[in-house]
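Below: one structure, written as structure tokens.
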Amino acid sequence: MAEPSPPPPPPPPSNSGLRILLAKDRAPTSSPSAPAAVSSHADRDRIIGVFRTALSRNEAPEAFALQAVQEAIKPQKQTVLVLEENQTLENALRRLLQELVSSAVQSGKGIMQYGNSLDSGESNCLITRLLDIMLYLCERGHVEGGMVFQLLEDLTDMSTIKDCKDVFGYIESKQDVLGKQELFGRGKLVMLRTCNQLLRRLSKSNDVVFCGRIIMFLAHFFPLSERSALNIKGVFNTSNETKYEKDATDGISVDFNFYQTLWSLQEHFRNPALTTTNPTKWQKFASNLTVVLSTFEAQPLSDADGKHNNLEQEEDAAFNIKYLTSSKLMGLELKDASFRRHILVQCLIFFDYLKAPGKSDKEGPSESMKEEIKSCEERVKNLLEMIPPKGKEFLQSIEHILEREKNWVWWKRDGCPAFEKQPFEKKSGQAGARKRKPRWRLGNKELAQLWKWAELNPDALTDSDRVRMPSVTEYWKPLAEDMDTSAGIEEEYHHKNNRVYCWKGLRFQARQDLEGFSRFCDYGIEGVVPPELLPPDVRAKFNSKPGEKAKRPKREDTKGTSAHPREPQVAAATPETDGGGSGGDQEEGAVPMDSDNGAGEDGQKRSPGEVSGPESGQCEAEDDGEDNTKSAHSRDRR
């Protein structure tokens, strides 16, 4: 008889907590190289055991911290953990921190004193040691930088308010290390969340000092341009509501209507934007403020009231968070100098918001509102100056603060640009950025252009090409190309129209080729061009020698001699000619010489702007010859 078959295995239970047990009973895989499955709880307990052993060591974290991580995690890399390894280590350390806090609570000690030895007096707190180890690992980059911030957040969540003060003292002591760039970027949001959660737990009346410590820490820890603390949208704290009595009570010494009028101003101060956009509310505010200011002016404070409320002796009275709003105290508050200053300074802040720079026409107040603001502001300042003691100095301080506040307003409206700027690093050698050439105004465009030819002027002055003088043939090539009719260059684009070009060319010509320079008198600037550069048809115009024009037989031209412009100069030169010689042949032979000299001197003294064509040069030479002839005839007649 066959044995009965074993019953089928039961279906897997739906409870996920039993899946770990089933994994243990599962048959090993066929691959011999596959590692055995290890429970996540067992792995976490092993890491906790390694770090408990490390906490008992009295050495500095630098000596054993990295070794403990390598022993607990066995990372793929020797000094840096990957993402999964960081997550495993963080979960284990958060569990270890929870166990240490639980043990500290059971022992009745503070969590930041748990583990200290009372006999030795040394500070060996286990939680502090754990935080120091993780801070060292995060600072060196061995583990993820935000891990220590996560442990601090868990520690404040598990601590009482009394213990949180000790925890926050540790945070303040490590502020410089936590604020380093490699840690700040990873944990700034966690630290901000930790401080905000702690502020929500604290009492604003009983834990004022602790709240101030947290706010001061955030101000030092975060940069000034951190957008999380700037209130970019300009949202007002509308939850700051001032409650006062709505119905009159017996036994009050002041007008109840004035009491309500005075405290109703706080509703407008709480949300100024709503008052300015609603004309009805603005009229109500303006009328109520006028009543309050008139009452303050009608009941001025004396010097005795100022001495009675001396702010220098009673410092606590000068820094009240909020005044009591009971109607029975209205009479005493009106005699209090600090109370009046409190109300009037609120008015100045309110007006300063309405006149804030950068607002458009739609956002700003209307013209009628501007006039009312100006009149009320003058009355408020006069009242502040009248309030003893030192009313004038107090008003100057408030005006200075409000004036500096405009810089903050402009900075926020410009998008809160960062104040921190990276230092400029100078690059050495030729790899540096190109230097900007200095701009020099030397009074002339051409002289100023000299300073743009090289980045460094000493290099340009010592350049060997600087002293090179071009040859006449090389210099006149552009003008020769212009004279070629086959080139088709228009007359207005010829180089002869450039005065500077002609002036420089004449100087080169006078130094290198005097014969060619003399052709300028006969043919103008185009006659100076060397013939070998000109095409044959153009060269024929300038074949005649410049001396042939001057050696022509003298002709007597009596037409228009009285109107000739050079006749006064000839008359002035007559005595000099009489003293120079007596023979008619000598005078007759001197005529061509004087003509040539006159032409040469006239050409040298000619400015670049007076350069003319060949006709003008020829006419001047003939005029000089005729003048000399006339002077010779006048001497013969005498």
Side-chain angles (χ1 to χ4, degrees), residues 179 181 184-185 188-189 191-193 195-196 199 211-212 214-242 265-286 289 321 341-381 384 394-424:
Q181 190 64 32
F184 177 78
K188 64 176 183 178
L189 296 181
M191 180 58 67
L192 181 62
R193 183 172 63 244
C195 294
N196 287 336
L199 286 172
C211 291
I214 297 174
I215 294 174
M216 290 298 295
F217 169 77
L218 291 175
H220 288 284
F221 184 71
F222 287 89
L224 184 61
S225 57
E226 177 63 32
R227 298 178 67 87
S228 60
L230 295 179
N231 191 15
I232 302 296
K233 297 181 179 180
V235 180
F236 293 95
N237 183 19
T238 56
S239 61
N240 184 20
E241 183 179 0
T242 302
L265 296 178
Q266 300 300 321
E267 299 178 1
H268 304 280
F269 294 152
R270 183 180 61 171
N271 193 357
L274 187 61
T275 302
T276 55
T277 55
N278 193 334
T280 304
K281 289 191 174 184
W282 168 255
Q283 293 297 332
K284 182 179 179 181
F285 167 77
L289 180 61
I321 299 176
R341 286 178 174 177
H342 184 86
I343 300 297
L344 295 175
V345 169
Q346 279 185 306
C347 295
L348 290 181
I349 296 174
F350 181 81
F351 295 150
D352 192 65
Y353 166 77
L354 298 181
K355 300 185 303 181
K359 288 186 176 182
S360 60
D361 296 338
K362 296 181 179 180
E363 297 176 350
S366 60
E367 294 298 331
S368 59
M369 290 176 58
K370 289 181 181 179
E371 295 178 359
E372 294 180 2
I373 291 171
K374 185 177 179 180
S375 61
C376 292
E377 188 176 13
E378 292 178 356
R379 295 179 63 183
V380 169
K381 290 182 179 180
L384 283 174
F394 180 81
L395 176 61
Q396 292 176 353
S397 301
I398 296 299
E399 289 178 340
H400 178 69
I401 294 172
L402 294 177
E403 186 66 26
R404 288 178 59 87
E405 186 71 13
K406 294 180 181 179
N407 299 329
W408 177 264
V409 174
W410 276 116
W411 178 68
K412 291 183 68 175
R413 293 190 182 277
D414 292 341
C416 305
F419 285 96
E420 298 82 2
K421 295 182 179 180
Q422 297 297 331
F424 177 74

State the [atom1]-[atom2] distance between [X] and [Y], to the nearest 0.5 angstrom.
X    : Y    : atom1 : atom2 : value
F184 : Q181 : CZ    : CD    : 7.5 Å
K355 : K406 : NZ    : NZ    : 6.5 Å
Y353 : F269 : OH    : CZ    : 14.0 Å
L218 : M216 : CG    : CE    : 10.5 Å
H268 : R270 : NE2   : CZ    : 10.5 Å
W282 : I373 : CH2   : CD1   : 4.0 Å

Kindly say whether L274 contributes a backbone atom to a donor-acceptor pair with the side chain of N278 at under 3.5 angstrom?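 Checked: no pair found.
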Judged by atom type as modelled, is there a donor-acceptor pair below 3.5 Å linking the side chain of W411 to the main-chain atoms of P417?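 Checked: pair present.
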Of the non-hydrogen atoms in [X] and [Y], which two are nearest, and what is the gap between them?
X    : Y    : result
A273 : T276 : O-OG1, 3.0 Å
C376 : F351 : CB-CZ, 3.7 Å
F221 : M191 : CE2-CG, 3.9 Å
I398 : L348 : CG2-CD1, 3.9 Å
Q266 : T242 : CB-OG1, 3.8 Å
A286 : E372 : CB-OE1, 3.8 Å

Heavy-atom count check: over 12 atoms from other residues, nucleotides or ligands less than 6.0 Å from K412 NZ?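 More than 12 heavy atoms, drawn from other residues, nucleotides or ligands, come within 6.0 Å of this atom.
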Is it true that E267 and K281 have a side-chain N and a carboxylate O under 4.0 angstrom from each other?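 Result for this pair is no, no salt bridge flagged.
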Under 4.0 Å between a Lys/Arg side-chain N and an Asp/Glu carboxylate O for E378 and K374?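 Not counted as a salt bridge, because no side-chain N and carboxylate O are separated by less than 4.0 Å.
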Test side chain to side chain contact (heavy atoms under 4.5 Å, CB included) applied to T275 and F350, step by step: CA-CA 10 Å; T275 302; F350 181 81; 4.2 Å; yes
